[in-house]
Protein chains: 2
Amino acid sequence: MPGGPPWWHGKLRGWGYRMTIPRQVILDLLNRSSKHLSAEDIYLAVHRTYPGIGLTTVYRTLDLLEQMRLINKFDFGDGRSRYELSQGPQWRHHHHLVCTKCGRIIDYTDFVTEEVKLLDKIEEALTKKYNFKINTHQLHFYGLCEKCR
Amino acid sequence: MPGGPPWWHGKLRGWGYRMTIPRQVILDLLNRSSKHLSAEDIYLAVHRTYPGIGLTTVYRTLDLLEQMRLINKFDFGDGRSRYELSQGPQWRHHHHLVCTKCGRIIDYTDFVTEEVKLLDKIEEALTKKYNFKINTHQLHFYGLCEKCR
DNA sequence: AATGATATTGATAACCATTTCCATTTATAT
DNA sequence: ATATAAATGGAAATGGTTATCAATATCATT
């Protein structure tokens with residue numbers, strides 16, 4: 001992991017957690033990797049270089065990072081949760097197209113400006129109306145991808 | 001179940017399925033009931049009057065109805081799927097506010113007109129761009145409800 | 001740099017929602 | 001009424017996730 005201290009280093013400590021090897025490795029993977037990794041994906045990837053890191057720790061770390069809102073947890077209907085970094089230098093607001101046949105997921109960033117503008121407005125109104133503190137939102141489109149339609 | 005033949009009667013037959021007691025009972029419950037029932041909720045409710053109907057059949061029926069797109073399946077992060085009728089006389093387009101602490105779910109219908117307008121536009125564009133046949137969408141806001149915040 | 005208090009880990013076992021299996025029952029066309 | 005395939009339900013299996021707990025690692029303090 002070259003190139004100076006990762007941007008998330010201070011965060012864990014800020015929340016009173018310790019910076020451990022498993023946490024560094026998992027965060028580094030999430031930071032480098034593509035999208036929507038499952039706990040098993042992460043376990044296997046990490047296991048290649050750090051065979052000592054167990055699946056339990058992967059789950060625990062993901063829970064931790066989700067609570068800190070460093071990552072988002074998704075359910076695309078394939079029976080396992082999937083995780084994505086929710087911030088960082090290369091992060092962009094996006095949503096998901098989910099193929100209900102083959103499970104393929106397409107990230108799209110089209111219209112997010114308009115979308116986010118409307119969603120922000122809705123968020124604000126809902127917060128007031130229902131006295132609800134909104135932290136995140138998820139928008140998924142479900143259908144059939146090119147190959148499956 | 002008084003008041004003439006339910007609106008969904010023809011649908012099952014149209015798909016080549018048989019109209020059985022369990023299917024009638026489950027559909028009737030979904031039609032009368034409030035929202036976001038889990039498979040167990042449905043099993044228990046149905047079980048009171050029809051003890052013969054098994055949990056397996058509930059799951060199977062829900063799968064069937066989902067494939068027919070008579071119901072929508074949701075995951076709100078509490079470890080079980082939840083189901084709602086997706087049409088019918090009293091149905092209204094709505095989305096969900098999910099409390100991540102207590103699991104409470106609020107249905108809201110505010111802004112859906114604007115929202116649906118934008119989403120339709122996005123849907124159309126995404127369909128073209130990714131050659132993706134979009135069937136449904138889900139929008140959830142996550143946060144803390146009045147009591148939990 | 002060594003110590004100690006305590007947070008964290010990893011292996012195993014438990015959990016629990018959902019599925020699979022399969023023998024029995026039911027719906028419906030004839 | 002009968003035949004035939006669809007549908008059912010109970011038990012067992014599946015599989016992602018969580019709980020348990022002894023061993024280990026982190027880090028503030030010395």
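Rounding to the nearest 0.5 Å places CE of M68(B) at 8.5 Å from CD of Q87(B).
Between H47(B) atom NE2 and dT8(D) atom P there is a gap of 15 Å when expressed in whole angstrom units. Across the protein-nucleic acid pair, I53(B) atom CD1 and dT8(D) atom P stand 9 Å apart, rounded to whole Å. Between the CG atom of D75(B) and the C1' atom of dG16(D) there is a distance of 13 Å, rounded to whole Å. Between Y50(B) atom OH and dA7(D) atom P there is a gap of 19 Å when expressed in whole angstrom units. Rounded to whole angstrom, the span from the CH2 atom of W15(A) across to the P atom of dC27(D) amounts to 18 Å. Nucleotide dT26(C) holds its C1' atom 13 Å from the CD atom of Q24(B), rounded to whole Å. For the pair L64(A) CG and dT18(D) P, the interatomic distance rounds to 13 Å; values are reported in whole Å. Between I21(B) atom CD1 and dG9(D) atom C1' there is a gap of 15 Å when expressed in whole angstrom units.
In this pair, H137(B) and F141(A) present their aromatic rings perpendicular. The plane angle is above 60°, beyond the 30 to 60° band. The aromatic rings of F74(A) and F76(A) sit parallel, their planes meeting at an angle under 30°, below the 60° perpendicular limit. Note: H36(B) and H96(B) have perpendicular aromatic rings, judged against thresholds of 30 and 60 degrees for the angle between ring planes. Taking the six-membered ring where tryptophan is involved, the planes of Y17(B) and W15(B) are essentially parallel, since the angle between them stays under 30° and well short of 60°.
Among the protein residues, T20(B) comes within range of the sugar-phosphate backbone only, with heavy atoms under 4.0 Å from sugar or phosphate atoms but none that close to a base.
In this model, the phosphate group of dT9(C) is not approached by any side-chain N or O of R18(A) to a distance below 4.0 Å at OP1 or OP2.
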Polar atom pairs (N or O), protein with nucleotides 17-22 of chain C, under 3.5 Å:
from    : atom 1 : to     : atom 2 : distance (Å)
dA17(C) : OP1    : R80(B) : NH2    : 3.1
dT18(C) : OP1    : S81(B) : N      : 2.9
dT18(C) : OP1    : S81(B) : OG     : 3.2
dT18(C) : OP2    : Y59(B) : OH     : 2.4
dT18(C) : O5'    : Y59(B) : OH     : 3.2

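Residues K73(B) and E84(B) are not paired through a salt bridge, judged by the lack of any N-O separation under 4.0 Å between the basic side chain and the carboxylate.
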